[in-house]
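What follows is one structure encoded as structure tokens, with my remarks underneath.
Ligands are counted one by one from 1 in listed order, and the atoms in each one are counted from 1 as well.
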Amino acid sequence: MTAWRRDLHAHPELGFEEHRTADAVAESLEAWGIDVHRGLAGTGVVGTIHGRAPSPRAIALRADLDALPIPEATGVPHASRHAGVMHACGHDGHTAMLLGAARHLAVTRSFAGTVHLVFQPAEEGRGGGLRMVEDGLFDRFPVDAVYGLHNWPDLPAGTFAVHPGPVMAACDQFTVRIRGKGGHAAMPHHGVDPVLVAAHLVTAVQSLVSRGTDPLDGAVLSVTRMEAGTTFNVIPDTAELHGTIRTFQPATRARLHEQLGRLVAGISGALGAEATLEIDARAPPTINTRSEADLAAAAAEAVAGPANVRRDAAPSMTAEDFGYMLAKRPGAYVWLGAGSRPLHSPGYDFDDSVLATGAAYWVALAERALPLP
Ligand SMILES: [Zn+2]
Ligand SMILES: [Zn+2]
């Protein structure tokens with residue numbers, strides 16, 4: 001697995017461009033006698049293993065294939081050979097662990113029913129999980145539950161965290177376009193300054209979480225980009241704000257969208273400008289179902305010992321495109337502790353010491369979810 005992982009690390013590919021990665025996965029699965037289906041979401045790969053005993057039950061185990069547009073700065077011998085692209089989120093490790101589990105399960109088949117190994121493209125903000133679902137993932141490969149795993153540098157290496165309920169947040173991106181009336185900076189009274197409107201909006205939207213959201217619910221609204229103007233002495237015609245909204249509850253999500261729209265219209269109108277709001281709804285929240293989370297915890301305990309499985313880890317406001325799959329099927333997403341630099345940093349390298357733990361978890365999970373009679 002270490003050799004596979006380092007080979008994938010040296011050849012990272014961005015979302016929907018994982019051709020070499022998908023080839024490597026498909027060729028390995030085929031070599032082990034596993035049925036391989038290609039083409040879902042373009043570069044997605046699904047491998048199917050039937051257990052020793054017949055059963056209508058089936059589960060999906062999911063890994064992600066893609067890398068990030070970050071220039072690598074690890075200096076390791078297996079560093080990226082593709083300029084500006086690197087596996088900074090450990091998807092090389094996720095793929096290697098699911099391959100390891102696949103090879104083991106294909107030999108032992110100590111389960112009843114079917115295991116589908118789902119290798120999805122484009123997890124990093126490009127909606128590969130949604131494309132897999134839209135391309136008929138669960139119609140072509142019907143399953144009772146779907147399971148995901150992500151390495152998590154905040155946890156001690158080789159330990160797990162899993163709990164029922166919200167694990168990661170829903171993600172939306174928004175754009176506010178403000179139209180004022182530009183002119184000479186020394187004669188502001190002839191125009192409408194969109195920079196001032198933008199500034200009021202940046203401040204006002206902070207009230208949506210701090211004053212408008214139940215303190216015991218979780219939400220984030222961050223303005224992350226402001227664009228306006230070209231020089232010192234010209235008031236521009238327009239200004240733009242970009243940002244992200246993170247929530248767990250659908251009602252909170254809908255309310256923030258509505259209230260953001262009200263502030264954009266109200267504040268720009270009050271100051272004599274016009275403004276539009278566009279919200280690009282991305283991943284739904286990642287919410288584990290109770291019995292699948294319990295099953296995942298039991299599998300993790302069998303591998304790492306009960307003392308090394310946390311069931312009380314706080315959810316994260318980051319988002320996961322696995323939420324698209326959990327929106328369609330029951331399932332659970334676990335974090336596997338891996339000692340390394342922070343995810344998405346140029347110095348990150350997957351912690352190979354946890355490859356065996358992750359693969360053993362997948363096997364233990366499959367054997368528990370689909371027990372032999
Ligand atoms: Zn990532
Ligand atoms: Zn990731």
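- Within the 2.8 Å limit, E124 places at least one N, O or S atom next to the Zn ion (ligand 1).
- The angle subtended at the Zn ion (ligand 1) by SG of C89 and NE2 of H344 is 100°, given to the nearest 10°.
- For Y147 and Y333, the distance between ring centers is not under 6.0 angstrom.
- Here H94 does not reach the Zn ion (ligand 2): none of its N/O/S atoms is less than 2.8 Å from the metal.
- Across A283 and E320, no two heavy atoms sit closer than the pair CB-O, 3.6 Å.
- The nearest N, O or S atom of H91 is not closer to the Zn ion (ligand 1) than 2.8 Å.
- A distance of 10.5 Å separates CG in L355 from CG in L99, rounded to the nearest 0.5 Å.
- Here the options are H91, E18, M325, R131, the test is side-chain contact (heavy atoms from CB on, under 4.5 Å), and the partner is Q120; only M325 passes.
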